[in-house]
Each structure stands twice: as structure tokens, then as C-alpha cells.
Amino acid sequence: MQPDRTAELAELLRQRILILDGAMGTMVQQHHLTEDDFRGGAHHCLHTHLSELKGNNDVLVLTQPEIIAGIHDTYLDAGADIIETNTFGASRIAQADYQLQDKAREMNRVAATLARQCADRATAKTPDKPRFVAGSLGPTNRTASISPDVSDPAARNVTFDELVAAYREAIEGLAEGGADILLIETVFDTLNAKAALFATETFFDDAGQRLPVMVSGTITDASGRTLSGQTPEAFWNSVRPYAPLAIGLNCALGAELMRPHIEALAHVADTFVLCYPNAGLPNPMSDTGYDETPETTARLVREFAEQGWVNVLGGCCGTTPAHIRAIVEAVRDVVPRSAGKEADS
């Protein structure tokens, strides 16, 4: 487990806008991997696995680690200060779809180790620009608040305790691999996020050490609410008791549509704010599957920075190293949002 770098990270967040990396899935897709590639080839232990693995990007840390490391390196070269582990779906719950639930902890550990090695190499090249590894904790493919059966509103396909156990296992793997930050991201159901936050607290208590925690929700439609029905302000107040180092929004929307929601969050949060939107809305005719060019995304998020709303900027679905490089240049001279104060009136 890495030493607690909260103080170092917080000081940097006060000095300048830090840059998170861009989409992992978008970059993986550019490799056009086959089922055999996802299995790791004829000599890999997963070659004879009974379930189809194509599309399970998280397993690539085990079967194609050089591809994942190469993507990390590309984002670091583009100027990212923080890279995310390739573990968005690496929970026991999500991996059950591929019959790989028993590999979940290993996936998280190996993914964090890979990202740690890449980040440390980049830091060694530029010691004045320390790099950080954020352990990605995705929302899983289950929701604790909403019924999967429209005819039975009380039905649930996962319990709070099951979510806590799955998140705890993932967190243990990420910590073993050397993650600096735990990033609970793409939160569409705040009850899922609370399970993740509870798991972090129990882990910290047992480990006798803490890591900085960031939480990022996702606004799912034009109503300005998460899937479980919360506005950005309500989302913040729900997770605020856990005192995350940063709160933010990612995915679902491009920067233009995310604007009012990140503004609302910035006005109520008394901590650091992060934002990593998609590259616009999906477009199957585009090379990346999304419409926005790096220049467009960078221009839009610079406006967020100039308004004093953000401390961390990056990219989600459809963004590439070119998007991250453009964002780095766009906000290089912009002062970060002040944090640790009373929320704006």
C-alpha cells in the first residue's frame, strides 16, 4: 500500500489544475482485439476459459498487459498527472458475467501495479511533475436502489452488503498494487457509492492507513439527475459525510451539456472538484465513436476552469491522448478553483 499522499496531492490541487487521463476503452478499441487476444493466446491460462471474454477490457491487464501499459504511457506523455487503473469493471459482481469473479482481486492488484510502474517511470523523467495512480472503482452492473423488474418495484438483484464485499475486495487489490487514490466513479446510484465509501472506511480502519478518495457521479439525462434521481447538489450532500478529497462528474454527457451540472456542484461543494466529460455525444460514424475534436473539448473545459469551477480535468468516453494534450495546453495558465472554504452562497 502506498504512503498517504493526500497532503501532497491537496497542495498541488491548490497550485494548479491537475489533469486526469482519458478513455481507456476508446484506446483499447483501436487495437481491434480478437477473442484469442482477450484470452492471451494459446499459452495463457485463460485460453481455455469456458466463457467468452471479448469485450471484457479489465481482463487485459492479465492477458495483454503490454497494451494497457502502452495506453498509460501515451496518456502520461500527453501530460496527464493522474492515470486511472484499468479496473472500471473489475469487481466480483461485474466479472461474474464472464465467470471471472475469482480473478477480481488479482485484476485490481495487477492493474494497479502496471499503472504504478508507468507513473513512476514518468515521474523519474520529470521529478518536478509527480504522477499519481487512481484506482478505478466503477459502479458495477447492478443498482441497489432501483428494481430490475418493472412489474416488481421492490425487487433487487444485489444487496448493500454484497456491494460492500465486492468493493472491499477490489480496494484491497488496488492498495496491494500501489494505487495512490481511490476513485469511485460514474456513480449512477448513490447507494452503490455509499457501499463503496463504507468499504473504503472499513479497509482504512483495518489497514491503519488512509488513501485520498475521489467520488464522481454521472448525470444520465436532460433532467440533470443521476439514475437514482439525485441532483448534483443532493449527490454531494449524500456523500459529504465521508469527506472525499474531491467530488465531481464524468461520463454520460459531453462538456457542453455537463456545464450547468458541474457549475451547480462547484457552488455547493466545500472540497476540490473534478470533471471529465465524454467527447460529446455518441456518433457511430466517428473514428472514436464520439463527435468532439480535442480542440472543441479543450475549449469547453477551459471555460469551466476560467469560471473557477474545477481543480481536476480529464476525459471520459471517446477522449484520446490528443484530447488530454489539448486540455493540458488549454488550462495551463488558469488558476484552479479555491477549495476548503464555505460553499458559495
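For reference, positions follow the sequence shown, starting with 1.
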For this session: Evaluate the salt bridge (charged side-chain N to carboxylate O under 4.0 Å, His left out) criterion for residues Arg168 and Asp206: first the C-alpha distance (whole Å), next the side-chain angles of each, then the deciding distance (0.1 Å), finally the verdict.
Result: CA-CA 11 Å; Arg168 171 67 186 254; Asp206 292 343; 3.0 Å; yes
Problem set entry | Side-chain touch Thr123/Lys129, heavy atoms, less than 4.5 angstrom | no
Problem set entry | Lys125 atom NZ, neighbour heavy-atom count above 12 within 6.0 Å | no
Problem set entry | Beyond-backbone contact of Leu62 with Phe38, side-chain heavy atoms, under 4.5 angstrom | no
Problem set entry | Derivation and outcome, side chain to side chain contact (heavy atoms under 4.5 Å, CB included), residues Thr143 and Leu227 | CA-CA 9 Å; Thr143 169; Leu227 188 64; 5.5 Å; no
Exercise. Are side-chain N/O atoms of Thr159 and Asp161 paired as donor and acceptor at under 3.5 Å?
Worked result: no
Exercise. Does Val28 belong to the same Ile/Leu/Val/Met/Phe/Trp/Tyr cluster as Leu53, with side-chain heavy atoms less than 4.5 Å apart forming each link?
Worked result: yes
Exercise. Which class fits the ring pair Trp309 and Phe304: parallel under 30°, tilted 30 to 60°, perpendicular over 60°?
Worked result: tilted
Exercise. Is Glu35 salt-bridged to Arg39, going by a charged N under 4.0 Å from an acidic O?
Worked result: yes
For this session: Locate the shortest heavy-atom distance separating Ala69 from Cys118; write the atom from each residue and the value.
Result: O-SG, 3.7 Å
For this session: Can you spot which of Met24, His72, Arg131, Arg116 makes a side chain to side chain contact (heavy atoms under 4.5 Å, CB included) with Ile83?
Result: His72
Exercise. Cut-off 3.5 Å, side chains only: do Asn141 and Asp97 have a donor facing an acceptor?
Worked result: yes
For this session: Specify the closest pair of heavy atoms between Ala111 and Thr87, including all atoms of both residues, with the distance to one decimal.
Result: CB-CG2, 3.3 Å
Exercise. Hey, are Asp189 and Arg142 close enough for a salt bridge, meaning a charged N less than 4.0 Å from a carboxylate O?
Worked result: no
Exercise. Is Ile181 close to Val213 at the side-chain level, that is, under 4.5 Å between some pair of heavy atoms?
Worked result: no
Problem set entry | Presence of salt bridge, Asp180 and Arg5, under 4.0 angstrom | yes
Problem set entry | Residues Glu263 and Arg259 bridged, charged N to O under 4.0 Å | no
For this session: May I have the step-by-step check of side chain to side chain contact (heavy atoms under 4.5 Å, CB included) for Met258 and Leu265, ending in yes or no?
Result: CA-CA 11 Å; Met258 191 180 283; Leu265 192 58; over 6 Å; no
Exercise. Do the side chains of Met214 and Phe272 get nearer than 4.5 Å, heavy atoms only?
Worked result: no
For this session: Run the numbers on Phe235 and Val215 for side chain to side chain contact (heavy atoms under 4.5 Å, CB included), then give the verdict.
Result: CA-CA 10 Å; Phe235 173 59; Val215 183; 3.7 Å; yes
Exercise. If you take all heavy atoms of Val187 and Ala193, which pair is closest and at what distance?
Worked result: CG1-CB, 3.6 Å
Exercise. Is the number of heavy atoms from other residues, nucleotides or ligands under 6.0 Å of Phe198 CZ greater than 12?
Worked result: no
For this session: Could you tell me whether Glu306 and Arg302 have a side-chain N and a carboxylate O separated by less than 4.0 Å?
Result: yes
For this session: Supply the atom-to-atom distance Cys317 SG to Tyr276 OH, rounded to the nearest 0.5 angstrom.
Result: 10.0 Å
For this session: Find out whether Thr226 and Thr220 are in side-chain contact, i.e. whether some heavy atom of one side chain is under 4.5 Å from a heavy atom of the other.
Result: no
For this session: Using distance alone, with no hydrogens and no angle criterion, decide if Gln29 and Asn57 have a side-chain donor and acceptor under 3.5 Å apart.
Result: no
Exercise. Hey, is Asp37 close enough to Lys54 for a salt bridge, meaning N to O under 4.0 Å?
Worked result: no
Problem set entry | side-chain hydrogen bond (donor to acceptor under 3.5 Å, both in side chains) assessment of Thr34 paired with Asp36 | CA-CA 5 Å; Thr34 65; Asp36 190 58; 5.2 Å; no
For this session: Please report the closest heavy-atom contact between Ala112 and Thr85, naming both atoms and the distance.
Result: CA-CG2, 3.7 Å
Exercise. If you group Ile, Leu, Val, Met, Phe, Trp and Tyr by side-chain heavy-atom gaps below 4.5 Å, do Leu60 and Tyr98 land in one group?
Worked result: yes
Problem set entry | Thr26 side chain near Thr319 side chain, heavy-atom distance below 4.5 Å | no
For this session: Go through the steps to decide whether Arg92 and Glu169 satisfy the test salt bridge (charged side-chain N to carboxylate O under 4.0 Å, His left out), and finish with yes or no.
Result: CA-CA 8 Å; Arg92 172 172 290 269; Glu169 180 179 45; 3.1 Å; yes
Exercise. Is the closest side-chain heavy-atom distance between Val273 and Val312 below 4.5 Å?
Worked result: no
Exercise. Any side-chain donor-acceptor pair under 3.5 Å between Asp149 and Ser147?
Worked result: no
Exercise. Between the side chains of Glu303 and Gln307, does any donor sit under 3.5 Å from an acceptor?
Worked result: no
Exercise. Where do Cys251 and Asn278 land on the side chain to side chain contact (heavy atoms under 4.5 Å, CB included) test, with the steps shown first?
Worked result: CA-CA 5 Å; Cys251 204; Asn278 289 350; 3.9 Å; yes
